[in-house]
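Values reported hereafter were calculated over all heavy atoms of this structure, with side chains retained and with hydrogens, waters and symmetry mates removed. Note that the structure is predicted; figures quoted are calculated from it, not measured. Residue numbers begin at 1 in each chain, while the letters A, B, ... track the order of the sequences.
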There are 2 protein chains.
Amino acid sequence: MGVAERKEREKEVLREQILTAAKTLFLEKGVEKTSIRNIADLIEYSPGSIYHYFKDKNEIFHALHQGGFQQLMGKMEVLITIPNPMSRLKAMGSIYVEFALENPDMYDLMFIKEAPMEHVSNSNDEQWKEGYGTFNFLRATIKECILEGYFQGHDQEALSFMVWSTVHGMVSLHIRRRCEVVLAQRQGTIVKDGLNEFFSILDRPSS
Amino acid sequence: MGVAERKEREKEVLREQILTAAKTLFLEKGVEKTSIRNIADLIEYSPGSIYHYFKDKNEIFHALHQGGFQQLMGKMEVLITIPNPMSRLKAMGSIYVEFALENPDMYDLMFIKEAPMEHVSNSNDEQWKEGYGTFNFLRATIKECILEGYFQGHDQEALSFMVWSTVHGMVSLHIRRRCEVVLAQRQGTIVKDGLNEFFSILDRPSS
DNA sequence: AATGTAATTGAACAGTGTTTAAAAATATAA
DNA sequence: TTATATTTTTAAACACTGTTCAATTACATT
């Protein structure tokens, strides 16, 4: 009686197809400008059938959202091989920025867009599980830095938040197209340059 | 023959009414979820008549956008009385954060929300006039800091962008409710604490 | 009072997310 | 194999959206 299992697998395949098509279109023309009909056209199904696999458009976002956190965590795994906490902190920043610039729409979904389920705050804990994971790793790295004397007398929690904010600020200004105010000839590299400036500042000795 | 002038004034009044209604609705339910018909309903005019005062929805957004920049610039005027560039830089950061926390919705509109149709409309220069103004002021302040030896060997443009990114990052993570990952007992003051951490880091001497 | 101009309207167009009743495809049972 | 039951898919419809435009209304000028 493996029929139910096969059906389940087939259903999962179509679910995956929808997700892949949605991701393709989101990255291509943006989330807002991608319609359910566009997705349906791409997988050659009717618009209505998508609603048998996802409650609504938001649920498609949410599924991709979680996938994004796993992707980011995957990119961060190499960091455990870096023993020096300061080097690890910098590498973490580089990976974060790299992820954001390579997957701007996904980053938008994860960190910039209005979180759609905020009023239904019950499931928040589950949703942010991965988010907690990455921030905890940052916090632990900062703690090691402080212990090794890199940021003497600094506040672990506030410093962690500030470091995260700096990289988030740079990539989100870039993604939301607020970089036109910087010199035209610098716009192409301003995020990378800004990150290096940040590293330089972090490298300066505690007075 | 003051008729033309009176008509002009009346036209300006209705323009103002549209802007006020749009602002109310944008801040209440967001730009994307506010329709021209919603705005028209609120001022008790037909949807079509709005197009006699604004080319399209984007033009309404940009008009409000510019108003926000003027408000921020107004708050920044006191900075010219601070002679020391480093003190001025810090005060600028404080005012920026204060503005964002006091007017989160307007800040959202100005720096976080998707600026609609930016790639389509080619009048970018005019739109960002005020944006250029505030960033120029930051750039000039950073330049003075460098000249006075505060950031020896640093890149003016990249450093300016990085400083802006840090304050923007902190307030935008706060506004978009991504601060739940920080310790619960710190969440109320994390932006202010993070800003102070940033100031401390900036204060450290160039090696 | 007649004319010309500017403001306003409501209908229409092409698009959106979503729902739903009917149809098609498929699995199970007799 | 045939009949029934279940699941999957579809097309049409609903209530929206931004925008355009011909027709109407309001009004200042002659």
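- Looking at heavy-atom distances under 4.0 Å, Tyr53(A) makes contact with sugar-phosphate atoms alone, never a base.
- Computed from coordinates, the Tyr51(B) OH to dG10(C) P distance equals 16 Å when rounded to whole Å.
- Ring planes of Phe61(B) and Phe26(B): tilted class, angle from 30 to 60°.
- In this structure, Ile36(A) atom CD1 and dA12(D) atom P are separated by 19 Å, rounded to whole Å.
- Taking 4.0 angstrom as the limit, Ser49(A) places none of its side-chain polar atoms (N or O) nearer than this to OP1 or OP2 of dT9(D).
- The aromatic rings of Phe161(B) and Trp164(B) lie perpendicular to each other, with more than 60° between the two planes, well past the 30° mark.
- Taking a cutoff of 4.0 Å between a charged side-chain nitrogen and a carboxylate oxygen, Glu102(B) and Lys75(B) qualify as a salt bridge.
- For Tyr53(A) and Tyr45(A), the ring centers are positioned 6.0 Å apart or more.
- For the residue pair Lys33(B)/Asn38(B), the side-chain donor-acceptor check at 3.5 Å is not satisfied.
- dT26(C) atom P lies 16 Å from atom NE2 of His52(A), rounded to whole Å.
- Atom CD in Glu12(A) sits about 13 Å away from atom P in dT8(D), given to the nearest Å.
- Atom CZ of Phe61(B) and atom P of dT19(D) are 14 Å apart (whole Å).
- In terms of phosphate contacts, Ser35(A) brings a side-chain nitrogen or oxygen within less than 4.0 Å of OP1 or OP2 of dT16(C).
- When the side-chain nitrogen and oxygen atoms of Tyr45(A) are compared with OP1 and OP2 of dT8(D), none of them lie within a distance under 4.0 Å.
- Distances from the side chain of Asn38(A) to the nucleotides dG17(C), dT16(C), dT9(C) place dT16(C) closest.
- Between Leu14(B) atom CG and dT9(C) atom P there is a gap of 9 Å when expressed in whole angstrom units.
- Remark: the Arg37(A) side chain and the dG15(C) base include no donor-acceptor N/O pair separated by less than 3.5 Å.
- Nucleic acid contact for Ile50(A): none, since no nucleic acid atom lies under 4.0 Å from a heavy atom of the residue.
- When the P atom of dC16(D) is taken as reference, atom NZ of Lys57(A) falls 18 Å away, rounded to whole Å.
- The CD-P distance, from Glu32(B) to dG17(C), rounds to 12 Å in whole Å.
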